[in-house]
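Contents: one structure, followed by commentary.
All of these numbers come straight from a predicted model, not from anything done at the bench. These values consider heavy atoms only, across backbone and side chains, with no hydrogens, waters or symmetry-generated copies.
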Amino acid sequence: MMSDRIKGCVVAAVGAAAYGLNPLFSLPLYEAGFSPVNALFYRFFLAGAIVGAMIRRQGGRLRPEPGTGWALCGAAALMIGSSLTLFYAYNYMASGIVSTLLFVYPVAVASMMTLFFKEKPSLGVGIGVVLSLAGVAVLAGGDCDRPFDWRGLTLSLASALFYSFFIVMVRVSRLRQVSAEKISFYAMILGAGLFLLLSFCTSGLPVPRTPRTVGCALLLALLPTVVALVLTSRAIQIIGATPAAVFGALEPVVAVLCGIGFFHEKFTLAIAAGVVLIVISVMLTVFSSSTRAVPPR
């Protein structure tokens, strides 16, 4: 019989791998004529509906707790900003590199907590910051499929920064007492409304009509959103936040493998070195920092 620790590790690994599937379902939608805003509308709307149904089925209330309304709106805005910049970054750089650059967020969180909230700095966090910067520099010159584009790098790092602010906000605000599912629900519903408005203000909102586009829209909402959220939250309950964060290293690895296997993105020695540097930097940060929570994405 599988022990709780092994079960927790398996759940954490599957949850992290599921999040790394973002490019696998978003890029085919782009090829079919959907914009990043269109893809994000379907992702947020369908995921919000699923998460809302889960909360109600478990007997929870969808109404926000007293005094958390503005904090939920702020957290939603940061999650929306992170998703929007991430999905646009896929237009300019290889998806595996974009996902790896996003993975610097734990280093950014630890740095923010040290600089702004006076958490005691550690040698591991300092080394993690240096290694993550080195990894970003290596990846900046490692995309051989396309000419280097500063827009892709800027959007990827902006996505990581938005998500880092989101994590810090959840940690230091009243949202500490709100479930991950409810935070995600409000982020998804507010995001769906915004992306619907942006879609109609730009190119319109195409409707998935082919089996491929319908499948990609559904799977984009289900696997890298709902499944990743549920399994990561469950893993934290079983094995704790720090081990769950360690398994988060599978996210960029899966994204890189998807890029190579499905989108024929090249994998060079420079890309491998950049991925390794960033993964090591995050591992050092996770084990050295007291900021170990892994909120939903």
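Closest approach of Ala160 to Leu101, counting heavy atoms only: CB-O, 4.0 Å. Closest non-hydrogen pair, Ala255 versus Pro23, comes out as CB-CG, 4.5 Å. Residues Met169 and Leu78 approach most closely at SD-CD1, 4.0 Å, considering heavy atoms. Nearest heavy-atom pair, Leu220 versus Thr225, reported as atom, atom and distance to 0.1 Å: O-OG1, 2.9 Å. Across every non-hydrogen atom of Gly60 and Arg56, the tightest pair is O-NH1, 3.2 Å. Across all non-hydrogen atoms, the minimal contact from Phe263 to Ser95 is CD1-OG, 4.4 Å.
If you chain together hydrophobic residues whose side chains sit under 4.5 Å apart, Val125 and Val130 never meet in one group. Cluster membership for Leu62 and Phe44, using ILVMFWY side-chain heavy atoms within less than 4.5 angstrom, is shared. At a threshold of 4.5 Å between side-chain heavy atoms, the hydrophobic network of Ile, Leu, Val, Met, Phe, Trp and Tyr places Ile55 and Met188 in one connected group. Leu197 and Leu46 are not part of a single hydrophobic cluster, where members link through side-chain heavy atoms under 4.5 Å apart. Leu250 and Val279 fall into different hydrophobic clusters, where Ile, Leu, Val, Met, Phe, Trp and Tyr residues are linked whenever their side-chain heavy atoms come under 4.5 Å apart, directly or through other members.
Rounding to the nearest 0.5 Å gives a distance of 8.0 Å between CG of Leu218 and CD1 of Ile50. Atom CG of residue Leu139 and atom OG1 of residue Thr268 lie 8.5 Å apart, to the nearest 0.5 angstrom. We find the CZ-CG distance between Arg212 and Leu29 to be 8.5 Å, quoted to the nearest 0.5 Å. Atom CD1 of residue Ile260 and atom CZ of residue Phe267 lie 5.0 Å apart, to the nearest 0.5 angstrom. Interatomic distance, CE of Met283 versus OG of Ser281, reported as 8.0 Å (0.5 Å rounding). Here the OG atom belonging to Ser35 is positioned 5.0 Å from the OH atom belonging to Tyr88, to the nearest 0.5 angstrom.
With contacts defined as side-chain heavy-atom distances shorter than 4.5 Å, the pair Tyr42/Cys216 does not qualify. Residues Thr100 and Ile271 have side chains not in contact (no heavy-atom distance under 4.5 Å, counting atoms from C-beta outward). Counting only heavy atoms from C-beta outward, the side chains of Leu27 and Phe262 never approach each other to under 4.5 Å. Side-chain contact between Leu175 and Phe166 is absent, with no heavy atoms from C-beta onward closer than 4.5 Å. The closest side-chain heavy-atom distance from Phe87 to Asn22 is below 4.5 Å. Under the 4.5 Å side-chain criterion, counting only non-hydrogen atoms from C-beta, Phe165 is in contact with Met112. Contact annotation: the side chain of Leu198 never approaches that of Phe41 to less than 4.5 Å [non-hydrogen atoms, C-beta and beyond]. Proximity of Met54 to Arg57: side-chain heavy atoms (C-beta onward) are nowhere separated by under 4.5 Å.
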The test is side chain to side chain contact (heavy atoms under 4.5 Å, CB included); show your working for Phe195 and Ile80 and say whether it passes. CA-CA 9 Å; Phe195 295 134; Ile80 290 166; 3.6 Å; yes

When you look at Val37 and Leu84, which way does the side chain to side chain contact (heavy atoms under 4.5 Å, CB included) test go after all the steps? CA-CA 7 Å; Val37 169; Leu84 189 62; 4.0 Å; yes

Test side chain to side chain contact (heavy atoms under 4.5 Å, CB included) on Tyr19 and Leu102; report intermediate values, then the result. CA-CA 12 Å; Tyr19 187 72; Leu102 172 66; 3.7 Å; yes

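The environment of CG in Leu269 is sparse: at most 12 heavy-atom neighbours from other residues, nucleotides or ligands sit within 6.0 Å. Taking a 6.0 Å sphere around CZ of Phe45, one finds it holds 12 or fewer heavy atoms contributed by other residues, nucleotides or ligands.
Checked by atom type and distance alone, the side chain of Thr68 never pairs as donor or acceptor with a backbone atom of Ala71 at under 3.5 Å. Checking side-chain atoms of Thr232 against main-chain N and O of Leu229 turns up no donor-acceptor pair under 3.5 Å. Checking side-chain atoms of Ser156 against main-chain N and O of Gly152 turns up a donor-acceptor pair under 3.5 Å. A distance-only check finds a donor-acceptor pair linking the side chain of Arg174 to the backbone of Gly67 [under 3.5 Å]. Proximity of a side-chain donor or acceptor of Ser132 to a complementary backbone N or O of Gly128 within less than 3.5 Å is detected. In this structure, Asn38 contributes its side chain and Gly204 its backbone to a donor-acceptor pair below 3.5 Å.
Taking Leu21 as the reference, Leu24, Phe25, Leu223, Val254, Cys258 meet the side chain to side chain contact (heavy atoms under 4.5 Å, CB included) condition, with sequence neighbours excluded.
In summary, of the residues considered (Ile280, Ile278, Val104, Val282), a side chain to side chain contact (heavy atoms under 4.5 Å, CB included) with Leu131 occurs for Ile280 alone.
Between Tyr30 and Tyr90, the two ring planes are tilted [angle within 30° to 60°].
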